[in-house]
Amino acid sequence: MSTRKRYWLMKSEPTDFSIDDLARVGTEPWTGVRNYQARNFMRQMQVGDGVLFYHSNTEVPGIYGIAEVATPAYPDPTQFQKKSKYFDEKATREQPRWDLVDVRYVRTLSRPIPLDEIRGHAEALGEEFALIRKGSRLSVMPVTAAQWKRLLALE
DNA sequence: GCCAACGTTGGC
DNA sequence: GCCAACGTTGGC
């Protein structure tokens with residue numbers, strides 16, 4: 001497979017796991033994604049890809065930091081753990097359903113880029129950008145190099 | 001294969 | 001806490 005660096009945006013609820021948590025632990029397996037589209041994007045990730053770390057379900061939703069993909073996709077262990085809230089009884093070791101990647105901390109933004117500010121640049125970013133598309137709840141999505149640059153220029 | 005019911009996401 | 005939008009499940 002090829003290899004040009006690609007870019008992604010990944011959402012997390014900060015009460016669950018924030019950019020500060022990632023800064024503390026360094027690298028974290030991105031457990032719990034149970035949406036096929038999001039899973040498929042993680043399967044496309046390659047080590048070194050850039051990740052915008054987005055805080056959802058919080059007072060000021062927006063991009064709070066930068067991370068990078070630290071491993072290729074592999075089966076999410078929580079799907080096999082009966083006691084996990086991410087347990088999936090239909091998943092087996094032979095046929096896992098859910099994959100994840102490990103994500104490594106890069107840096108925290110000097111100031112968060114709030115969602116409503118991002119919306120203000122919808123035209124430049126492209127109306128189809130899933131983050132600002134109405135009704136879209138995708139938690140892992142691709143970001144083009146141009147979008148990456150435009151978003152970080154707002155920092 | 002349709003679609004109602006249900007659960008979840010996530011902004012507000 | 002509310003609720004719109006969406007995805008999944010399961011009855012038929």
Side-chain angles (χ1 to χ4, degrees), chain A residues 6-25 28-45 49-69 73-144 146-148 150-155:
Chain A
R6 284 184 288 193
Y7 303 95
W8 310 92
L9 181 144
M10 299 174 87
K11 295 181 183 173
S12 180
E13 301 196 14
T15 51
D16 190 43
F17 190 78
S18 70
I19 188 72
D20 292 340
D21 293 324
L22 186 61
R24 194 155 31 72
V25 299
E28 179 77 3
W30 203 263
T31 53
V33 169
R34 294 294 180 269
N35 170 281
Y36 290 107
Q37 218 183 334
R39 178 203 67 182
N40 293 343
F41 285 134
M42 286 200 290
R43 287 181 172 172
Q44 295 172 29
M45 291 181 181
D49 282 358
V51 174
L52 296 170
F53 195 113
Y54 181 92
H55 285 186
S56 63
N57 240 315
T58 187
E59 199 173 339
V60 181
I63 298 165
Y64 280 70
I66 297 177
E68 66 182 9
V69 175
Y74 63 95
D76 179 344
T78 64
Q79 70 192 304
F80 309 124
Q81 294 162 5
K82 274 228 166 69
K83 277 187 271 180
S84 167
K85 65 173 171 172
Y86 300 126
F87 176 67
D88 183 341
E89 59 180 7
K90 294 194 181 130
T92 63
R93 305 256 172 200
E94 297 70 35
Q95 288 207 303
R97 283 181 132 187
W98 306 109
D99 283 359
L100 54 66
V101 296
D102 288 4
V103 162
R104 181 186 303 120
Y105 178 78
V106 174
R107 70 182 181 89
T108 302
L109 297 193
S110 56
R111 66 156 199 120
I113 304 168
L115 177 60
D116 56 359
E117 200 174 318
I118 295 170
R119 283 222 176 86
H121 297 265
E123 204 165 328
L125 292 166
E127 308 287 344
E128 76 291 348
F129 185 33
L131 185 67
I132 51 181
R133 203 169 55 214
K134 185 173 184 296
S136 169
R137 294 172 307 161
L138 195 57
S139 66
V140 176
M141 69 190 74
V143 172
T144 66
Q147 287 166 340
W148 175 275
R150 285 214 158 87
L151 288 165
L152 290 179
L154 302 176
E155 182 181 359

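Any value given below was found using the heavy atoms of this structure, including those in side chains, with hydrogens, waters and symmetry copies removed. Naming convention: chains lettered A, B, ... in sequence-line order (proteins, then strands); numbering from 1 in each chain.
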E13(A) CD - dG11(B) C1' separation (whole Å): 12 Å
D88(A) CG to dT8(C) C1', straight-line distance once rounded to whole Å: 12 Å
Separation of dG11(B) C1' from D116(A) CG (nearest whole Å): 11 Å
Closest nucleotide among dT8(C), dG11(B), dG10(C) to the Y36(A) side chain: dT8(C)
Euclidean distance, atom CG of residue D16(A) to atom P of dT8(B) [Å, nearest integer]: 14 Å
Phosphate contact (dG11(B) OP1 or OP2) by Y54(A) side-chain N/O below 4.0 Å: yes
Under-3.5 Å donor-acceptor pair between R137(A) side chain and dT8(B) base: yes
Separation of atom CG in L131(A) from atom C1' in dG11(B), rounded to whole Å: 11 Å
Backbone N/O of F129(A) and side chain of Q147(A): donor-acceptor pair under 3.5 Å: no
Closest-nucleotide ordering on DNA chain C, the 5'-leading residue of N35(A) and N57(A): N57(A)
Sugar-phosphate, base or nothing in reach of R133(A), heavy atoms under 4.0 Å: nothing
side-chain hydrogen bond (donor to acceptor under 3.5 Å, both in side chains) between R137(A) and S56(A), intermediate numbers included: CA-CA 10 Å; R137(A) 294 172 307 161; S56(A) 63; over 6 Å; no
Single hit among D21(A), D16(A), D20(A) for side chain to side chain donor-acceptor pair (under 3.5 Å) with S18(A): D21(A)
Euclidean distance, atom CZ of residue R34(A) to atom C1' of dC6(C) [Å, nearest integer]: 18 Å
Distance, rounded to the nearest Å, where K134(A) contributes NZ and dA5(C) contributes P: 4 Å
I132(A) CD1 to dT9(B) P, straight-line distance once rounded to whole Å: 22 Å
Near-ring test Y36(A)/W98(A), centroid separation under 6.0 angstrom: yes
